Structure formats: C-alpha cells, structure tokens
Amino acid sequence: MSKNPFEIYTEKPTTIDGIYSQAEVGLANRNSGILLETLALDVTPTGSHYLLSHFDVPLLNPTTHSLQFSGSFNAPFEMSIADIMALPAVTMPVTMECAGNGRAGVSPRSFSMPWLYEGVGTSEWTGTKLAPLIEKACPNDDVVEISFTGADYGYDMGEPHFFGRSLTLAQIKKLDVLLVYAMNGAPLLPQHGAPLRIIVPGWYGMASVKWLTNIEALTKPYDGHQQVKTYQFKAHKDDVGTPIQSIRVKSLMVPPGVPDWSSRKRFVPAGGVDLIGRAWSGDGVSIEAVEVEIAGEWRVAKLSEKKDQYAWQKWTFTWQAEPGEYILRCRARDVNGNVQPLDPPWDQAGFANNAAQCVLVFVA
Ligand SMILES: Nc1nc2c(c(=O)[nH]1)N[C@H]1C(S)=C(S)[C@@H](COP(=O)(O)O)O[C@H]1N2
Ligand SMILES: [Mo]
C-alpha cells in the first residue's frame with residue numbers, strides 16, 4: 001500500500017442539497033456552532049463559541065510548549081508560554097466568523113462543514129501584540145511573508161500537511177494581530193488552540209491559526225495547502241480564485257419564541273415581541289443600520305453604538321406580532337455602504353455566504 005492512502009482523494013465527495021452524509025454529520029458533531037440564543041450576550045460564553053478544527057485537536061503541554069521564530073530572521077528566538085505571558089498583555093473582544101458560515105445555504109452545495117448560521121462568536125481574547133515580536137526577531141530585507149504553523153496534521157485533497165497560513169508584514173501591523181493564550185479570562189481550551197494561537201481581527205477565522213508552534217520568515221510566497229488550495233473565492237472548480245480575507249457585512253437574530261423539536265420552526269405568542277440580534281462587518285468597520293423584514297416590509301431596528309472596534313453591535317426591534325405565519329429576515333449595512341444580499345452570493349465552495357437570515361415563525 002502507498003504511504004499516502006489519500007493520494008487518490010483529490011476530489012471532494014459529491015453532495016445533494018439538503019441531504020447530509022455520515023461524514024458531514026461527523027464534521028458537524030466535532031465543529032459545534034453558537035447557540036443562536038446566546039446572540040443576546042455581548043460576549044459568547046466559551047462553551048457556545050463555534051469551533052472549526054480541520055484535523056484532530058493536538059493535546060499540547062503548556063509548560064513544555066514553545067514558539068519558534070525561524071527562517072529569514074536576523075535575530076530568531078524561541079519563547080515559552082511563560083515568556084509570552086510576561087509580555088505586556090492586551091484583552092480584546094473580537095467577533096470571529098468561519099469563512100464557511102452559511103455554506104449549507106449555497107446551492108449546489110459543496111462538501112465541507114455544513115454551517116447554517118452558527119459559525120460565529122465573540123470572545124475576549126487575551127495575549128500580546130504580535131508585531132513587536134516580529135520586529136524583535138528582525139526580518140531580513142528579502143522577507144516577503146510570515147507563515148504561522150499549527151501542531152495539527154492531516155490530509156486534504158490528497159495532500160498531507162500541518163495547518164498553516166501566512167500574512168505579510170504590512171498585514172500583521174495593520175490588522176492588530178494578537179498572540180493569544182486566554183479566552184474569556186481563562187486559559188485557552190484545547191479545542192480553541194491551547195496553549196497558543198493567533199487572532200487576526202476582522203478577517204474570517206481561517207487566518208487565526210490555533211496550536212501555534214512556528215512563525216517563519218519566508219523569502220518566497222507561502223504555498224501551504226490552507227492558503228493556496230482553499231479559502232479562495234472561485235466561480236467554478238478550475239477558477240484561479242481570489243484569497244478570502246475580510247469578513248463580509250452580516251447580521252443574525254435570536255430566533256424568537258420557542259422551537260418545535262423536529263422541524264425547528266418557531267411558535268410566538270401574539271403581542272409585543274422583542275427581537276434581538278447582532279451585526280458585524282470586516283476590518284473593524286462599523287454597522288450603520290439594521291433592518292428587519294416582517295410580512296414583506298423592511299423596518300429599521302434600533303442599533304447600539306459600537307463599543308469595541310472588532311466586536312459586533314447589538315440591535316433590537318419590538319414587533320407587535322399578530323396571528324399568522326411569517327418569515328422574518330434581518331439585514332445589515334456597514335458605514336462603507338456594503339449591504340447583505342437577500343440571496344446567497346455564489347461561490348463554488350460555499351464561502352462567505354452573508355445572505356439575510358430567514359426565521360419561520362407561527363404567531364397565535
Ligand atoms: N491550527 C489550526 N488553526 C485553525 C484551524 C485549524 O483547523 N487548525 N481552523 C481555522 C478556522 S477555519 C477557523 S474558522 C478558526 C476557528 O477557531 P475556533 O475553533 O477557536 O472557533 O480557527 C482557525 N485556525
Ligand atoms: Mo473556518
């Protein structure tokens with residue numbers, strides 16, 4: 001047998017809209033999503049923050065783990081977690097969203113983690129700024145990119161690799177990248193990248209490498225699988241693609257009322273109903289307005305001020321619900337004029353679907 005049993009698996013399995021394979025259910029069980037009711041909170045409780053791990057969760061020892069700076073640095077070094085924790089600490093609430101969030105709503109759909117709406121959350125991340133450490137390691141003049149490698153290893157499309165991503169030096173400075181060891185005031189949990197990860201505020205989650213082991217200064221563009229073979233917008237399979245980076249404008253609501261166990265449709269008693277939700281956009285851009293659609297009419301919601309640059313904003317709307325059947329929708333607009341579409345934007349792998357959420361409710 002070949003040393004690489006997956007070398008023939010270069011194509012993703014075929015899919016049927018609305019029908020999920022056992023492998024996809026397995027992915028969905030490992031990669032839990034936010035409980036939409038916790039959108040009522042500014043900070044997502046750690047246990048409700050979504051998860052996306054491509055391979056197995058590495059169980060690393062925080063007392064022996066170290067971060068290596070390698071490659072074309074003039075003054076490379078190594079740091080323990082204790083060394084990193086001794087540096088000036090920053091705590092930042094950041095809304096993180098998986099680039100695959102909404103994938104299940106794109107038709108025809110592509111095989112991968114089948115998110116409906118749940119691949120998002122806001123945590124208070126504690127760590128230290130990455131840019132000064134890169135400066136300390138002193139990148140040589142020939143450096144074009146910095147790569148970040150995780151300890152998790154596996155196969156995708158026939159290619160064995162450690163999960164890794166890259167950023168340019170300019171991006172690291174501009175994006176306020178953090179080297180993070182704590183989440184919501186507690187040490188990172190294994191599934192969220194313990195003992196060390198980066199957080200790239202304002203970008204989709206794939207950039208925020210977990211289980212960080214190595215930071216390398218590269219003299220050629222990074223060609224890691226998770227940078228060049230995926231996380232590219234593609235109109236079709238053979239499209240050259242454009243890299244996915246900033247989060248697209250989006251909003252979600254807490255589904256009102258109570259659910260039916262098997263259909264997940266909602267029952268709402270007639271009368272005043274307080275709709276609550278969150279809205280966010282990429283690169284720390286503020287939201288300008290959120291609208292709610294009820295019975296075909298779009299109405300302006302009340303929007304809270306932005307408190308933290310990279311965290312979502314709260315919105316509310318009081319609905320005088322009359323008996324009937326409704327599809328509620330919400331859509332946000334950011335200050336740059338980007339608006340959520342009503343229909344899913346097309347992407348071959350279902351990335352970055354920011355179409356307005358639909359919630360079916362019965363009022364009686
Ligand atoms: N090492 C490593 N880092 C990773 C991943 C991974 O599989 N391995 N998944 C990425 C993706 S796609 C997302 S959306 C976020 C999810 O972070 P979370 O699981 O803490 O929510 O981590 C990113 N960092
Ligand atoms: Mo993701």
Side-chain angles (χ1 to χ4, degrees), residues 53-92 94 125-154 159-183 187-188 190 192-203 205-231 243 245:
S53 305
H54 288 75
F55 307 131
D56 292 351
V57 170
L59 303 173
L60 305 173
N61 181 342
T63 56
T64 55
H65 187 72
S66 71
L67 172 66
Q68 310 281 335
F69 286 74
S70 67
S72 190
F73 284 116
N74 194 31
F77 53 89
E78 189 180 325
M79 293 184 96
S80 67
I81 301 302
D83 295 337
I84 294 166
M85 290 178 76
L87 296 170
V90 182
T91 295
M92 224 201 262
V94 175
W125 303 100
T126 300
T128 194
K129 293 213 166 172
L130 178 68
L133 286 175
I134 303 275
E135 250 163 61
K136 188 177 161 219
C138 204
N140 294 320
D141 289 344
D142 56 358
V143 170
V144 294
E145 279 185 27
I146 305 287
S147 71
F148 301 89
T149 309
D152 50 331
Y153 185 86
E159 230 184 90
H161 60 279
F162 286 96
F163 185 96
R165 294 278 309 178
S166 73
L167 293 169
T168 63
L169 289 167
Q171 285 167 341
I172 291 169
K173 278 197 196 135
K174 190 170 148 235
L175 298 171
D176 292 323
V177 180
L178 284 187
L179 199 53
V180 162
Y181 44 79
M183 178 180 184
L188 284 176
H192 287 293
L196 193 66
R197 73 178 303 171
I198 53 169
I199 288 290
V200 181
W203 278 29
M206 73 281 145
S208 295
V209 177
K210 305 193 275 189
W211 312 295
L212 185 66
T213 56
N214 193 267
I215 295 184
E216 191 178 348
L218 305 173
T219 55
K220 290 203 180 83
Y222 181 64
D223 65 355
H225 183 95
Q226 303 290 337
Q227 185 86 20
V228 299
K229 295 286 174 66
T230 179
Y231 298 112
Q245 299 180 334

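Throughout, numbering of the chain's residues begins at 1 and tracks the sequence. This one's a predicted model, so the numbers in the text were calculated from it and none came from an experiment.
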Discussion item. On a heavy-atom basis, which atom in A89 and which in Y181 lie closest, and how many Å separate them?
Written reply: CB-OH, 3.7 Å
Discussion item. Can you give me the closest heavy-atom contact between P190 and W211, atom names plus distance?
Written reply: O-NE1, 2.8 Å
Item to complete: Report yes if some heavy atom in the side chain of K229 is under 4.5 Å from a heavy atom in the side chain of E159; otherwise report no.
Response: yes
Item to complete: Would you indicate whether the side-chain heavy atoms of V90 and T128 approach each other to under 4.5 Å?
Response: no
Worksheet item: Any side-chain heavy-atom pair from L178 and K129 closer than 4.5 angstrom?
Response: yes
Discussion item. If you compare all heavy atoms of F55 against all heavy atoms of F163, which two are closest, and at what distance to 0.1 Å?
Written reply: CE1-N, 4.3 Å
Worksheet, complete the sentence: Minimal heavy-atom distance between V209 and G150, with the atoms involved, is CG1-N, 3.8 Å
Discussion item. Show, in sequence, the C-alpha distance, side-chain angles and deciding distance for F73 and N140, and conclude whether the side-chain contact (heavy atoms from CB on, under 4.5 Å) test is met.
Written reply: CA-CA 6 Å; F73 284 116; N140 294 320; 5.7 Å; no
Practice prompt. Check whether any side-chain heavy atom of F148 sits under 4.5 Å from a side-chain heavy atom of L179, and report yes or no.
Written response: no
Item to complete: Would you give the length of the straight line joining atom CG of L67 to atom CG of L196, rounded to the nearest 0.5 angstrom?
Response: 5.5 Å
Worksheet item: Does K136 count as lying over the ring of F77, i.e. NZ or CZ under 6.0 Å from the six-ring centre, within 45 degrees of the axis?
Response: yes
Worksheet item: Going by atom types only, do T168 and E145 share a side-chain donor-acceptor pair under 3.5 Å?
Response: no
I'd like a table of donor-acceptor pairs (distance under 3.5 Å, sequence neighbours excluded) in which one partner is a side-chain atom from residues 212-222, with atom names and distances.
from : atom 1 : to   : atom 2 : distance (Å)
T213 : OG1    : T149 : O      : 3.1
N214 : OD1    : S70  : OG     : 3.2
N214 : ND2    : S70  : OG     : 3.4

Worksheet item: Does some side-chain heavy atom of Y231 sit less than 4.5 Å from a side-chain heavy atom of P243?
Response: no
Discussion item. Minimum heavy-atom separation for L169 and P139, please, with both atom names.
Written reply: CD2-CG, 4.0 Å
Worksheet item: Should the pair H161 and H225 be assigned to parallel (<30°), tilted (30 to 60°) or perpendicular (>60°) ring geometry?
Response: parallel
Fill in: Close side-chain approach of R197 and S208, heavy atoms under 4.5 Å
yes
Worksheet item: Does the side-chain contact (heavy atoms from CB on, under 4.5 Å) test come out yes or no for L133 and L87, once each step is laid out?
Response: CA-CA 10 Å; L133 286 175; L87 296 170; 3.9 Å; yes
Practice prompt. Hey, could you give me the CG/CD1 distance between L130 and I199, rounded to the nearest 0.5 Å?
Written response: 12.0 Å
Worksheet item: Any side-chain heavy atom of T126 sitting closer than 4.5 Å to one from V180?
Response: no
Worksheet item: So is R165 actually on top of W203's ring, under 6.0 Å and inside 45° of the axis?
Response: no
Discussion item. If you apply the rule side-chain contact (heavy atoms from CB on, under 4.5 Å), what do you find for Q226 with H54, and how did you get there?
Written reply: CA-CA 10 Å; Q226 303 290 337; H54 288 75; 3.6 Å; yes
Worksheet item: Which heavy-atom pair separates S53 from K210 by the least distance, and what is that distance?
Response: OG-NZ, 3.0 Å
Fill in: Contact check, side chains of S166 and I146, non-hydrogen atoms, under 4.5 Å
no
Discussion item. Tell me whether D141 at atom CG has more than 12 heavy atoms from other residues, nucleotides or ligands lying less than 6.0 Å away.
Written reply: no
Worksheet item: Could you go step by step and tell me if F69 and E78 meet the side-chain contact (heavy atoms from CB on, under 4.5 Å) rule?
Response: CA-CA 6 Å; F69 286 74; E78 189 180 325; over 6 Å; no
Worksheet item: With respect to I81, which candidate in P187, S66, P195 satisfies the side chain to side chain contact (heavy atoms under 4.5 Å, CB included) definition?
Response: P195
